[in-house]
Structure formats: structure tokens, C-alpha cells
Amino acid sequence: MLRRSLRALLTLVMLGSLATLGTAVTAGTAHADTCYTWNRTLSEGSSGEDVRQLQIRVAGHPGYGGVLAVDGQFGPATKAAVTRFQQAYGLSADGVAGTQTFSKIYALQDGDCTPIHFTYAEMNRCNSDWSGGAVSAAAAKANALQQMWKLEALRHALGDRSLNTSSGFRSYSCNSAVGGASGSNHLYGRAIDLVGTPSFCEIVKQARYHGFNEILGPGYPGHSDHAHLGSQSSRYWSASSCGI
């Protein structure tokens, strides 16, 4: 009788444990699935849409002066960026994207694929549909997503201090209204202006390590009151008051 009671108790404990485990697994999968889920380990030589999605999320870790191509090809530059991402978050740093790396990405992203500390709304204070710029609305929004992941990496490198955006995507009319340059990267969704704290010099100096090849700050005309970070085909850094 005692043995039967113990067996029944053990069965109940095991069922309870499995139910808890099943809930945890389901919750983790659901969280990932609301945005994007990786179903295989990725390493140098891999290619495909899953590599491109990974590249978007590690593009803020290319190293000093680097810009990671988001092309779906896992080459040496992607391996180096994955390694720096892993190092930044205290993971085993081997440049191979597996369960640990993807779990950290899932924890850093919201259901719309934006990083947890940035939103589409703050990247577009111009209009609600991303229209009227130099590229299609879809392209502008996609460009903004890449910039947000770079900002997430920058934020983490600055001690997880909040970054305050004042301007992101602009239509031609919004750009004209604020006196923006005629070929501004804001028109493409590829630029962000930051205000407040950390200091502008802290921001622009650290930004050199996080995939921004357009960096303007104090000392550059019209940029004493904000830091401007963007992406373009060639590097242009200028913030003479900060030694850049």
C-alpha cells in the first residue's frame, strides 16, 4: 500500500514537472515565433534568409570602422560580428550562432522584430506610413530596423544607458521643414539624431565601433545640439570638438 502511494505521488510530481517544462518551452517558442525563429545552427559558409536575419541583429558589432553587409552570406565579417555580439553579452564566443546566441537575440527583441529599447514610432516622427521619402515606405522601414539594432548595440556598449532619439525617417516635406540636407540619409530611413544624455562626444566616439559610417557631432556645423548617426556607402565622420 505504501509503495503504491509513493508511486502515485512520484507520478504526480513527474507530470507536474513535465507540464511546467512544456509551458516554459511553449512560451519561449511563442516569443520567438512572434518575430522570427532560427531553426538551425549558422556558421561560416552558411547562406540564406536566416543568415540575413542574423546579420541585421549583429550589424551593430562589426568592430571599429566596420560595416557589416546584410547579404545572407555568412563570411569572415559575419563570424567576427557574431563573436563580438557573444562577447558583449557574456556568451561563449566562437562565432557560431546556435541556441545560446539565438536565445539572447530573442530576449533582446520585441514581437515586431525591433530591439526592446527602440520602436518604429520613435524612428518616424514624420508620418504614420513611412511614405514620401527617397525610397519606398517598405525600404525606409527596413532601413530603420537595421539602424535600431545598431543603436541597441551602441546603447549596451555605453553601459545600457538610454539613448534619446529626436529624428529618424523624414519625408521630403518633413526634411525641408527642418532644413535638412537635400540628400539626407533621413530620407532613406538610414539616419538618427540623438539628444540628451549620454554626452554627444560619448555617443559619437563609441558609435565608430557599431556600424555607423556617417557620424556627425559637436564641431560639425549645425550639430552642437545633437549627435547624428547614419549609414551610407562611404565613411564620413566629423565631430572636431570630440576629436573626430
Side-chain angles (χ1 to χ4, degrees), residues 44 51-71 73-97 100-101 104-105 107-109 114-118 122-123 143-166 168 185 188-220 223 226-244:
E44 194 166 359
V51 174
R52 194 183 75 85
Q53 291 290 336
L54 173 65
Q55 289 170 328
I56 290 171
R57 290 155 180 80
V58 300
H61 300 270
Y64 182 88
V67 176
L68 181 64
V70 179
D71 58 6
Q73 303 297 318
F74 199 126
T78 299
K79 180 178 180 179
V82 170
T83 300
R84 293 188 189 96
F85 174 88
Q86 293 167 333
Q87 291 170 336
Y89 290 100
L91 308 178
S92 177
D94 58 5
V96 175
Q100 258 196 331
T101 301
K104 186 61 190 178
I105 291 173
L108 287 173
Q109 71 184 5
T114 60
I116 55 176
H117 296 107
F118 300 93
E122 67 183 297
M123 292 295 291
N143 288 338
L145 179 64
Q146 293 187 33
Q147 302 316 301
M148 281 189 275
W149 279 100
K150 293 179 182 182
L151 285 177
E152 185 69 31
L154 173 62
R155 184 188 189 279
H156 185 60
L158 288 168
D160 289 312
R161 286 180 286 171
S162 295
L163 294 176
N164 306 292
T165 66
S166 63
N185 277 308
Y188 298 81
R190 296 188 307 224
I192 314 101
D193 292 342
L194 300 173
V195 296
T197 57
S199 74
F200 302 142
C201 284
E202 284 181 279
I203 290 171
V204 298
K205 285 180 177 179
Q206 188 61 46
R208 297 174 295 177
Y209 296 85
H210 299 288
F212 297 103
N213 58 357
E214 183 187 45
I215 300 174
L216 307 175
Y220 185 81
H223 287 71
H226 68 282
H228 171 93
L229 307 178
S231 298
Q232 56 189 27
S233 59
S234 59
R235 183 192 301 178
Y236 188 77
W237 294 348
S238 183
S240 58
S241 296
C242 306
I244 298 175

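Taking 4.5 Å as the limit, every side-chain heavy atom of Y89 sits out of range of all side-chain heavy atoms of T101. Counting heavy atoms from C-beta outward, L229 and E214 have side chains that stay 4.5 Å or more apart. Using a 4.5 Å cut-off on side-chain heavy atoms (C-beta onward), S162 and H117 make no contact. A heavy-atom distance below 4.5 Å is found between the side chains of L108 and F85. Side-chain contact between N213 and S231 is present, with at least one heavy-atom pair separated by less than 4.5 Å. L194 is listed as a side-chain neighbour of T165, based on a closest heavy-atom distance under 4.5 Å.
Residue T83 holds its OG1 atom at 11.5 Å from NE2 of H61, rounded to the nearest 0.5 Å. For the atom pair I215 CD1 and R235 CZ, the distance stands at 8.5 Å (nearest 0.5 Å). Distance CG/L151 to CD1/I192: 4.5 Å, rounded to 0.5 Å. Atoms CG and CD1, from L54 and I105 in turn, are 5.0 Å apart once rounded to the nearest 0.5 Å. In this structure, the separation between CZ on F118 and CD on Q147 is 11.5 Å, given to the nearest 0.5 Å. Going from atom CG of L68 over to atom CH2 of W149 covers 14.0 Å, rounded to the nearest 0.5 Å.
A distance-only check finds no donor-acceptor pair linking the side chain of N185 to the backbone of A191 [under 3.5 Å]. Put simply, the side chain of Q86 gets close to the backbone of V96: a donor and an acceptor are under 3.5 Å apart. Q55 places a side-chain N or O within 3.5 Å of a backbone atom of Q73 that can act as its donor or acceptor partner.
Salt-bridge annotation for R161 and E202: present, with a side-chain N of the basic residue lying under 4.0 Å from a carboxylate O of the acidic one.
Between I203 and P198, the shortest heavy-atom distance links the atoms CD1-O, 3.6 Å. When every heavy atom of P62 is checked against every heavy atom of G211, the shortest pair comes out as CG-N, 3.5 Å. Considering every non-hydrogen atom in both V195 and F200, the closest pair reads CA-CE2, 3.7 Å. The two residues C242 and K205 have their closest heavy-atom pair at O-CE, 2.9 Å. In plain terms, the two heavy atoms of W237 and F212 that are nearest each other are NE1-O, 3.2 Å. What you find for A153 and G60 is that their closest heavy atoms are CB-O, 3.3 Å.
Classification of the Y64-Y209 ring pair by plane angle, with boundaries at 30° and 60°, yields perpendicular. Classified by interplanar angle (parallel below 30°, tilted 30° to 60°, perpendicular above 60°), the ring pair H226/H223 is tilted.
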Practice problem: Given side chain to side chain contact (heavy atoms under 4.5 Å, CB included), test Q53 with I56 step by step and report yes or no. | Solution: CA-CA 5 Å; Q53 291 290 336; I56 290 171; 4.3 Å; yes
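The side chain to side chain donor-acceptor pair (under 3.5 Å) with Q109 is formed by just one residue from the set K104, E152, R57; it is R57.
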